[in-house]
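Quick notes on the structure that follows.
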Amino acid sequence: MKKSKKTIHIKYQFIKKNFIVLFCSFVLPTLLLGMILVFLSWQKTTNEIQKRTENTLSLASGYLDGLHNNNQTVGLYLENSSLILGLNRMMSFKDISYTESVILKQFSLFINSVTNSSQNIDSLYIYIPNKLNRAYTSGRQFVFLNTLSDTEWVDRLTELEQDMAIELRQKKEYSFESPREILSVYNRFRMYAGGWVMNYSLSNITDYYDSLLSFPDQSIYLLDQEGNLLLQCDNSDNGGNGNNGNDKISSETLQALNDPGQDHIRIHNIPYTIKTEEYEPYHIKIITLLPQSTFYMTALENAYHMILLLMLILIMIIIMAYILSLNSYHQLHQVVEWFDQAEHHQALIPPGKKDMYSQILQNIIRIFLENDYLQVQLSERKYRQKAAELQALQYQINPHFLFNTLQTIHYEILDVTNGQPSKANLMIEWLSDLLRFALGSPDSKVTLQQEIDNCMKYVQIQQERYDNTFIIDWRIPTSLMSLEVPRLILQPMIENSIVHGLKYKENGKIRIQAIQKKAYVVFMIVDNGSGMAPDHLKKLSDELKNTRSGCASEHIGLQNCNDRLVLAYSEKSRVHVWSWDGKGMGVWFRVERHKEDYMRIVYYSE
């Protein structure tokens with residue numbers, strides 16, 4: 001049947017009207033939302049740049065903290081009257097006694113441990129006025145000043161009026177080599193003449209500061225107390241990285257950097273945003289400059305992507321509006337044809353597609369599933385984000401700093417005891433091993449032998465604390481020593497027995513026994529401590545049944561072991577406890593060996 005012009009005109013009128021309604025219903029809100037998103041994107045970009053700039057200052061200041069900590073470590077060691085007098089004697093006399101040679105060896109070991117602990121440290125000088133005109137250097141120990149190529153530091157140190165000063169200078173170790181730039185920190189002795197100089201490699205410091213630059217043409221400056229330039233790093237395309245030295249910056253720029261209380265400055269007619277932070281220990285001013293054009297370009301770039309995305313959405317809306325209008329017309333036309341066919345007593349033509357209600361139902365189901373999937377993704381993303389934040393906080397702990405600090409305490413104790421090791425030295429060694437073991441990867445497994453060795457060191461420390469008021473009875477077959485177990489799975493159990501069971505009890509005893517079954521290994525740990533009241537035992541059992549409940553518990557070690565075992569293996573590895581008030585306490589669980597074996601740790605009371 002040929003369609004009439006009137007039918008075609010009605011069709012176009014209907015599609016046009018429906019299209020305009022759908023277009024206005026979607027496009028106008030989308031345009032308004034797009035403008036709001038562009039504005040928010042602009043603000044967000046500006047705030048992110050500000051935060052990243054402030055974070056750059058914070059990281060730069062934190063890096064100086066590391067240098068200052070090295071300097072303080074040396075200062076605490078050197079500010080020892082007997083040590084200074086000994087150094088003065090060794091500088092003043094060519095011949096030294098055997099005792100002085102031993103002291104010199106220990107002193108050199110400490111100096112080498114400090115200078116080798118960080119790549120930033122170039123060298124360490126110590127000078128006490130003496131008649132032989134000698135000094136101590138980290139590389140050559142006691143030397144005559146006339147044999148050194150680098151001697152200007154002596155005059156600077158002896159003329160120092162304040163306790164500390166820092167300057168940029170050039171160092172030439174030997175006459176045949178080219179000079180290199182270093183940052184020298186001068187320190188006076190508080191009670192004696194002389195002092196020490198800590199030299200830092202400027203190239204290593206510059207490399208680190210280069211890594212902090214996040215934006216094009218961003219730069220970092222370090223100025224001393226007098227406003228002199230110590231270091232300059234920039235991220236310009238034609239300037240290279242790591243430009244430093246006073247000849248790299250004009251006097252006009254240096255004067256502008258020293259003007260206080262500015263948020264914006266102009267250098268060579270280019271506006272910059274300036275951020276400043278004062279590092280008090282060295283009286284250093286940390287300055288970062290960022291061209292204002294970077295704010296505009298970054299914000300415009302983000303806005304450009306937002307506008308492009310908005311245009312794509314509008315195009316999709318136009319296409320969808322046209323398709324929906326055409327589909328609506330076809331559906332109404334089908335209804336009209338059905339009425340027309342019914343009026344002319346003709347057989348109704350079945351629709352070629354599914355009816356509208358089934359499509360709506362399918363869309364509702366689809367939307368519901370997509371929304372549920374998005375919710376799962378959102379929850380997973382939040383969990384991963386939280387886990388990443390906790391890991392970042394954990395890695396803020398510097399294991400090398402802890403070990404170096406313990407080593408310094410170790411040497412201080414040896415110095416007090418005239419080089420004779422004591423129980424304190426042994427406890428420091430045990431504690432260092434415990435820290436190294438605990439800072440290992442939490443997801444990695446260890447052998448049972450390694451876990452037992454770590455527990456023994458922990459027990460030795462606790463026995464020293466409580467005057468050996470308890471004993472440990474190990475009953476572990478040697479055939480199980482290669483069995484892999486989760487890291488730190490026994491130590492919290494032993495700690496729980498000591499702290500909650502044997503802390504105030506005499507003749508305390510803990511038995512740790514392993515029994516090998518066909519499909520798993522049973523570990524049994526026995527204590528004859530104070531035990532636990534029935535109501536407290538029930539509360540603890542309920543907490544252990546709720547894995548990762550997040551509830552606060554005084555037995556947090558048991559809760560942690562329970563959660564890790566369930567996550568690593570299965571519900572069959574859950575921790576179970578029992579106790580008798582005044583007699584002891586028991587805890588057990590099992591862990592798989594290979595794929596089907598399990599390990600059960602049992603706490604029980606004799």
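Numbers here are sequence positions counted from 1.
Of the N and O atoms on the side chains of N187 and N71, at least one donor lies less than 3.5 Å from an acceptor on the other residue. Side-chain contact, Q50 with K275: a donor N or O sits under 3.5 Å from an acceptor N or O. For the residue pair S108/Q141, the side-chain donor-acceptor check at 3.5 Å is satisfied. Using modelled atom types, one finds no donor on one side chain facing an acceptor on the other under 3.5 Å when comparing Q450 with N454. Residues N199 and S123 bring a donor and an acceptor atom of their side chains to less than 3.5 Å of each other.
Applying the ring-ring contact (aromatic ring centres under 6.0 Å, His included) definition to pairs two or more places apart or across chains, none involves residues 446-465.
In terms of heavy-atom proximity, Y279 sits nearest to L64 at OH-O, 3.2 Å.
Considering only residues two or more places apart in sequence or on other chains, Y63 meets the side chain to side chain donor-acceptor pair (under 3.5 Å) condition with N120. Legend: residues meeting side chain to side chain donor-acceptor pair (under 3.5 Å) with E54, ordered by chain and number and at least two apart, are absent.
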Q. Going through the checks in order, is the side-chain hydrogen bond (donor to acceptor under 3.5 Å, both in side chains) test met by T288 and Q218?
A. CA-CA 7 Å; T288 178; Q218 185 183 7; 3.3 Å; yes
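Outside the 6.0 Å centre-distance limit, the rings of Y136 and Y127 are not counted as a close aromatic pair.
Atom CG of N507 is surrounded by 12 or fewer heavy atoms from other residues, nucleotides or ligands within 6.0 Å.
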